[in-house]
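The next block holds one structure in the form of structure tokens; read it before the comments.
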Amino acid sequence: MKQAQQRGWKEILFNRRMLTCVFLGFTSGMPLWVLISLVPAWLRTEGVDLATIGLFSPSESLLPILVMVFIISFFSASQDIVIDAYRRELLADDELGTGTSIHINAYRLAALVPGSLALILADHYSWPTVFWVTAVFMTVGIVMTLVIREVSDDELAPHTLREAVVEPFREFFGRDGLGPAFAVLGFILLYKLGDNMAVALATPFYIDMGFSLTEIGTIAKFSALWASIAGSIIAGIAMLKLSINRALWIFGFVQMFTILGFAW
């Protein structure tokens, strides 16, 4: 791992490593936005009811779609873990904060493909064509994977499946006991659950209100994107004044009340 050095911001920001973070962040975000933005829009326009979309309790005819969603989710989560680990090994300590910020914003920009471009195309082309076009954008990650170099330290890297998978879980559950471990997992699961469900149901909600897919793709998705970017900047500033624990509580309640706005 690279050692931290005192360098200027231009040297930290403008280099090949940060460009790698852009493309890997984009690649990391694509599968998620396909699942929570494009797939719900497709299902709703095909007449699938909101309860089925929200809870994903599909009938037998939707079983192949459920299987595909599971497969994409599984490999997307695996890809995220690899990308996060690669970014940690790639960046020096004084580059990590900037690189992570660039990664997250590229992750959000990826939403413009399935959440905006694909919805606009869906008003003019068939859904199979829309999904083909969307899938092509994943070649960005494939090409990037082929051209970037390996950066891991072979001496520190796990050499068996047990070392890579089993031992980290044992260390996590054994560090402070089962109670704190399950509390952390419960927090991770529940903190973004409402927000993720609201995002997944937002596009079907817009469709039911009579908006066209083009209107949703050009207005709703763009406004959500820039609001997310602005929110991340404001949160970063707020974190300078607040502790992490306090900020999580504040933003958690703000998130809860904004979701209730859909009900209103």
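If you're wondering where the values come from, they're calculated on a predicted model, not measured in any experiment.
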Same apolar cluster: Phe251 and Phe257, side chain cutoff 4.5 Å
no
Does some side-chain heavy atom of Leu119 sit less than 4.5 Å from a side-chain heavy atom of Glu215?
no
Within the supplied structure, the quantity of interest is the number of heavy atoms (other residues, nucleotides, ligands) at a distance under 6.0 Å from Phe131 CZ; does it exceed 12?
yes
Going through the checks in order, is the side chain to side chain contact (heavy atoms under 4.5 Å, CB included) test met by Leu121 and Thr129?
CA-CA 9 Å; Leu121 291 177; Thr129 301; over 6 Å; no
When you group the ILVMFWY residues by side-chain heavy-atom contacts below 4.5 Å and let the links chain together, are Met30 and Ile142 in the same group?
no
Using 30° and 60° as the class boundaries, would you call the ring planes of Phe173 and Phe169 parallel, tilted or perpendicular?
parallel
Would Leu201 and Phe205 count as a side chain to side chain contact (heavy atoms under 4.5 Å, CB included) if you check the C-alpha gap in whole Å, the side-chain angles of each, and the deciding distance to 0.1 Å?
CA-CA 6 Å; Leu201 292 174; Phe205 173 69; 5.6 Å; no
Rounded distance (nearest 0.5 Å) linking atom OG1 of Thr214 with atom CG of Asp123:
3.5 Å
Where Arg17 and Leu91 come nearest, the two heavy atoms and their spacing:
CB-CD2, 3.8 Å
Check step by step if side chain to side chain contact (heavy atoms under 4.5 Å, CB included) holds for Phe187 and Leu248.
CA-CA 11 Å; Phe187 177 85; Leu248 285 173; 3.8 Å; yes
How many angstroms lie between atom CH2 of Trp127 and atom OG1 of Thr45, to the nearest 0.5 angstrom?
4.5 Å
Using the side-chain contact (heavy atoms from CB on, under 4.5 Å) definition, which of the options Val39, Val67, Leu35 pairs with Ile72?
Leu35
Look at the side chain of Ser73 and the backbone N and O of Val69, then say whether any donor-acceptor pair between them is shorter than 3.5 Å.
yes
Does atom CZ (Phe172) have a neighbourhood of more than 12 heavy atoms from anything else shown, all under 6.0 Å?
yes
Do you reckon Leu90 sits in the same ILVMFWY cluster as Val147, going by side-chain contacts under 4.5 Å, direct or chained?
yes
Please enumerate all residues that pass ring-ring contact (aromatic ring centres under 6.0 Å, His included) together with Phe75, with sequence neighbours excluded.
none
Taking all non-hydrogen atoms of both residues, which atom of Arg87 and which atom of Asp84 are closest, and how far apart?
NH1-OD1, 3.1 Å
Going from CZ on Arg162 to CZ on Arg170, what distance comes out if it is rounded to the nearest 0.5 angstrom?
5.5 Å
When Pro114 is tested against each of Leu32, Val130, Leu38, Val133 for side-chain contact (heavy atoms from CB on, under 4.5 Å), which residue passes?
Leu38
Shortest non-hydrogen separation from Pro31 to Ser76 and the atoms involved
CB-OG, 3.4 Å
Can you measure from CH2 (Trp42) to CG (Leu213) and round to the nearest 0.5 angstrom?
14.0 Å
Could you pull out the closest heavy-atom pair between Val34 and Pro40, with the gap in Å?
O-CD, 4.4 Å
Provide the closest heavy-atom pair for Gly29 versus Trp33 in the form atom of the first, atom of the second, distance.
O-CD1, 2.9 Å
To the nearest 0.5 Å, how far apart are SG in Cys21 and OH in Tyr107?
15.0 Å
Going by heavy atoms in the side chains, are Val184 and Asp176 under 4.5 Å from each other?
no
Side-chain heavy atoms nearer than 4.5 Å, only ILVMFWY residues, links allowed to pass through others: does that put Phe253 and Leu260 together?
yes
More than 12 heavy atoms from other groups under 6.0 Å of CZ on Phe70:
no
Evaluate the criterion side chain to side chain contact (heavy atoms under 4.5 Å, CB included) for residue pair Phe26 and Val113; output intermediate values, then yes/no.
CA-CA 10 Å; Phe26 179 89; Val113 177; 3.8 Å; yes
Excluding sequence neighbours, so at least two apart, what forms side chain to side chain donor-acceptor pair (under 3.5 Å) with Thr145?
none
How long is the gap from CG on Asp208 to CZ on Arg44, to the nearest 0.5 Å?
4.0 Å
Angle class for the Tyr206/Phe211 ring planes (parallel below 30°, perpendicular above 60°, tilted otherwise)?
perpendicular
Is there a path of hydrophobic side-chain contacts, each under 4.5 Å between heavy atoms, that joins Ile83 and Leu19?
yes
Closest non-hydrogen atom pair between Thr27 and Gly141, with its separation:
OG1-CA, 3.0 Å
